[in-house]
Amino acid sequence: MKTQEEIKTPLRLANELEYVNGEVVTKDVFSNDNGSVKLLAFDKGVMLARHSVDRDVMVYVIEGSVEFEIDDQRQHLETGNSILMPANTAHTVLALDKAKVMLIRIKA
């Protein structure tokens, strides 16, 4: 198990990383051979170019709002929303507001 956090210590996810103007800030919370948990903080208007991940992914919006484009369909996600994507699903992400999201990657 690889983690930057103390095991069994409660985390307030929204406080684990800060926004940076014009950027996406990332923090790896946990990873092992079966998957990982990563936090991202998007400044408003920042976009992640089309990409895919080799694992199944669950995205959970901690705060703010983002837009995912998957298979030419746009999905608007706000605080408390989540989306599931199978491995190798090409997608883009656009921060409609400042937003913090959690990515949970699972090896299928």
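The two residues V24 and L40 come nearest to each other via the heavy atoms CG1-CD2, 3.8 Å. For the residue pair H91 and V93, the shortest heavy atom distance occurs at CD2-CG2, 3.9 Å.
Hydrophobic clustering keeps V57 apart from V29 (ILVMFWY residues linked when any side-chain heavy atoms are closer than 4.5 Å, directly or through intermediates). Following chains of ILVMFWY side-chain contacts shorter than 4.5 Å, one cannot reach F42 starting from L17, and the two form parts of different hydrophobic clusters. Using a 4.5 Å cut-off between side-chain heavy atoms of Ile, Leu, Val, Met, Phe, Trp and Tyr, with links allowed through other members, L84 and V101 fall into different hydrophobic clusters.
A heavy-atom distance below 4.5 Å is found between the side chains of M85 and F68. With a 4.5 Å cut-off on side-chain heavy atoms, R105 and K38 count as touching. Contact of the L94 side chain with the M47 side chain is registered, since non-hydrogen atoms from C-beta on lie closer than 4.5 Å. In this structure the side chain of I83 reaches within 4.5 angstrom of the side chain of I70, judged on heavy atoms. Between K100 and L13, every side-chain heavy-atom pair lies at or beyond the 4.5 Å cut-off. When side chains are defined from C-beta on, L11 counts as touching E16, because their heavy atoms get closer than 4.5 Å.
To the nearest 0.5 Å, the span separating OG on S36 from CD1 on I104 amounts to 9.5 Å. The structure places OG1 of T26 at 9.0 Å from CG of L39, a figure rounded to the nearest 0.5 Å.
In R12, the CZ atom is not crowded: 12 or fewer heavy atoms of neighbouring residues, nucleotides or ligands sit closer than 6.0 Å. For CG of N88, the number of neighbouring non-hydrogen atoms (other residues, nucleotides, ligands) closer than 6.0 Å is greater than 12. Heavy atoms of other residues, nucleotides or ligands lying less than 6.0 angstrom from CG of N15 number more than 12.
Listed for the N81 side chain is a donor-acceptor partner under 3.5 Å among the backbone atoms of E78. In this structure a side-chain-to-backbone donor-acceptor pair under 3.5 Å is present from N32 to G35. In this structure, the side chain of D56 does not engage the main chain of P86 through any donor-acceptor pair within 3.5 Å.
For E69, the salt bridge (charged side-chain N to carboxylate O under 4.0 Å, His left out) partners are R74, not counting sequence neighbours.
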Test side chain to side chain contact (heavy atoms under 4.5 Å, CB included) applied to L96 and K44, step by step = CA-CA 6 Å; L96 301 173; K44 182 178 181 177; over 6 Å; no
Residues 58-67 side chain polar contacts: donor-acceptor under 3.5 Å, at least two apart:
{"unit_1": "E63", "atom_1": "OE2", "unit_2": "Y19", "atom_2": "OH", "d": "2.6"}
{"unit_1": "S65", "atom_1": "OG", "unit_2": "D97", "atom_2": "OD2", "d": "2.7"}

